[in-house]
Amino acid sequence: MAGRSLRKALATVSLSVALASVTVRSSGCRSIPAYRNSLLSSWFHLNSNIMSGSNGVKDNSHNKARTSPYPGSKVQRSQVPNEKVGWLVEWQDYNPVEYTAVSVLAGPRWADPQISESNFSPKFNEKDGHVERKSQNGLYEIENGRPRNPAGRTGLVGRGLLGRWGPNHAADPIITRWKRDSSGNKITHPVSGKHILQFVAIKRKDCGEWAIPGGMVDPGEKISATLKREFGEEALNSLQKSSAEKREIEEQLHKLFSQEHLVIYKGYVDDPRNTDNAWMETEAVNYHDETGEIMDNLALEAGDDAGKVKWVDISDKLKLYASHSQFIKLVTEKRDAHWSEDSEADCNGS
């Protein structure tokens with residue numbers, strides 16, 4: 001599972017609905033005209049509703065994607081000031097560091113070859129065999145044969161730890177239930193007056209932070225299959241179970257993932273692994289166990305990339321990996337559940 005471990009996604013920036021609806025039509029060429037896509041990139045940077053993590057900062061679209069050292073290394077990115085993130089801003093002296101991890105260059109099945117290899121001709125901005133190279137946020141520019149991060153500069157070129165040039169697609173299952181007392185009644189927060197939601201959180205082995213379970217979409221795999229597979233592997237340790245135990249887990253997961261669900265977010269993720277040429281995108285989906293009966297039949301057990309797993313009460317005090325707390329906040333808004341004791345914070349969307 002070492003290969004899969006290196007590919008885990010988690011993610012995350014909240015994009016404006018308007019951006020998701022932008023359509024740029026191509027004449028069939030693989031390279032998108034620079035002026036058109038640069039304008040889109042800058043619009044992306046200036047108009048995104050930023051989700052930069054548990055600290056609640058919303059002043060730029062590249063917070064995690066500009067941090068140093070690069071994850072799993074001592075590599076320092078070139079510094080990119082806020083005002084020069086967007087590609088439309090001219091910066092002739094921009095000199096990003098080149099870095100692709102040895103584990104990626106080794107050529108595992110989940111990773112692309114180097115752009116320079118003669119037998120590699122990726123079809124960017126489209127479905128390339130079983131590999132999805134389309135971005136959920138529209139067309140991205142190809143510059144000198146390399147895809148360009150639509151959210152702007154990161155201070156690093158190459159792929160870092162990411163396997164694919166361009167978008168690397170992930171899926172994040174957010175499993176929730178209502179917090180209940182010993183009598184089975186929903187618990188209401190004394191200040192907000194709203195019911196308290198809980199979600200299944202994992203503690204990541206790579207960085208020690210609590211997060212939403214999730215992982216990369218395998219080539220040709222449906223998002224729904226990824227969501228179920230990743231939750232089973234990380235929150236139920238399904239990979240280490242006997243055949244009989246796996247069948248039981250599969251039956252319960254089928255019930256859970258057949259419940260009504262909400263697509264919380266689809267698109268670009270402000271992730272510390274992002275580079276100028278490779279970036280994370282995700283689909284975060286909320287599956288809600290209204291009565292709690294399904295999850296009562298599933299014993300949480302950390303597995304795969306998760307060191308620990310547990311139910312966590314949802315509130316604005318959560319400190320989660322990357323911007324996962326913002327995904328969770330969106331769930332509370334959809335479910336009309338407790339988030340903050342500060343009513344003004346809820347009104348201001350902070």
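Both tests hold for Arg204 against Tyr321: distance to the six-membered ring centre under 6.0 Å, angle to the ring axis within 45°. Both the sub-6.0 Å distance and the 45° axial angle are satisfied by Arg153 relative to the ring of Tyr94.
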Worked verdict on Asn297 versus Lys255 for side chain to side chain contact (heavy atoms under 4.5 Å, CB included): CA-CA 11 Å; Asn297 294 320; Lys255 293 178 182 178; 5.6 Å; no
Go through the steps for Trp165 and Ile115 under the test side chain to side chain contact (heavy atoms under 4.5 Å, CB included), then give the verdict. CA-CA 8 Å; Trp165 294 98; Ile115 289 291; 3.4 Å; yes
With side chain to side chain contact (heavy atoms under 4.5 Å, CB included) as the criterion, how do Leu161 and Tyr70 come out once you've worked through the C-alpha distance, each side chain's angles and the decisive distance to 0.1 Å? CA-CA 9 Å; Leu161 286 169; Tyr70 187 88; 3.8 Å; yes
Run the side chain to side chain contact (heavy atoms under 4.5 Å, CB included) test on Ile174 and Phe327 for me, step by step, so that the C-alpha distance in whole Å, both residues' side-chain angles and the decisive distance to 0.1 Å come before the verdict. CA-CA 9 Å; Ile174 305 173; Phe327 285 171; 4.1 Å; yes
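The closest side-chain heavy-atom distance from Leu197 to Arg335 is below 4.5 Å. In this structure, the side chains of Leu156 and Pro96 stay at 4.5 Å or more apart for every pair of heavy atoms. With contacts defined as side-chain heavy-atom distances shorter than 4.5 Å, the pair Leu300/Met295 qualifies.
The heavy-atom pair separating Phe124 from Gly145 by the smallest distance is CE1-O, 3.7 Å. The two residues Val191 and Glu341 have their closest heavy-atom pair at CG1-O, 3.6 Å. Here the closest non-hydrogen pair linking Asp218 and Thr226 is N-OG1, 4.5 Å. Here the closest heavy-atom approach between residue Gly160 and residue Val104 is recorded as O-CG2, 3.6 Å. Of all heavy-atom pairs between Asn277 and Pro147, the closest is ND2-O, 3.1 Å. When all heavy atoms are compared, the tightest approach of Asp304 to Glu234 is CB-CG, 4.4 Å.
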What side-chain donor-acceptor pairs closer than 3.5 Å can you find for residues 306-314, not counting sequence neighbours?
residue, atom, partner, partner atom, Å
Asp313, OD1, Gln198, NE2, 2.8
Asp313, OD2, Lys179, NZ, 2.6

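Within a 6.0 Å radius of NZ in Lys222, no more than 12 heavy atoms belonging to other residues, nucleotides or ligands are found. Few gaps surround CG on Asp181; more than 12 heavy atoms of other groups in view lie less than 6.0 Å from it.
Side-chain contact check for Trp178 and His288: at least one donor-acceptor pair (N or O, by modelled atom type) lies under 3.5 Å. Defined by atom type and a distance below 3.5 Å, a donor-acceptor pair is present between the side-chain atoms of Glu90 and Gln92. Side-chain atoms of Asn286 and Thr176 form a donor-acceptor pair, as typed in the model, at a separation below 3.5 Å. Counted by atom type alone, Tyr140 and Asn149 present zero donor-acceptor pairs between their side chains at under 3.5 Å. Using modelled atom types and a 3.5 Å distance limit, the side chains of Asp276 and Thr154 yield a donor-acceptor pair. The closest side-chain donor-acceptor pair between Arg66 and Asn82 falls under 3.5 angstrom. For the residue pair Glu281 and Ser135, a side-chain donor N or O sits within less than 3.5 Å of a side-chain acceptor on the partner. Between the side chains of Asp172 and Tyr265, not a single donor N or O lies within less than 3.5 Å of an accepting N or O.
Atom CD of Gln259 is separated from atom OG1 of Thr291 by 7.5 Å, given to the nearest 0.5 angstrom. Rounding to the nearest 0.5 Å places CZ of Arg229 at 9.5 Å from OG of Ser238.
Side-chain atoms of Ser192 come within 3.5 Å of backbone N or O of Lys194 as a donor-acceptor pair.
Checked for salt-bridge contact, Glu333 and Lys329 meet the test: a charged N lies under 4.0 Å from a carboxylate O. The residues Lys134 and Glu126 are annotated as not salt-bridged, no charged nitrogen and carboxylate oxygen being separated by less than 4.0 angstrom. One finds a salt bridge joining Arg133 and Asp112 here, because a Lys/Arg side-chain nitrogen approaches an Asp/Glu carboxylate oxygen to under 4.0 Å.
For Ser182, there are no side chain to side chain donor-acceptor pair (under 3.5 Å) partners, not counting sequence neighbours. Judged as a side chain to side chain donor-acceptor pair (under 3.5 Å), and not counting sequence neighbours, Gln79 has no contacts.
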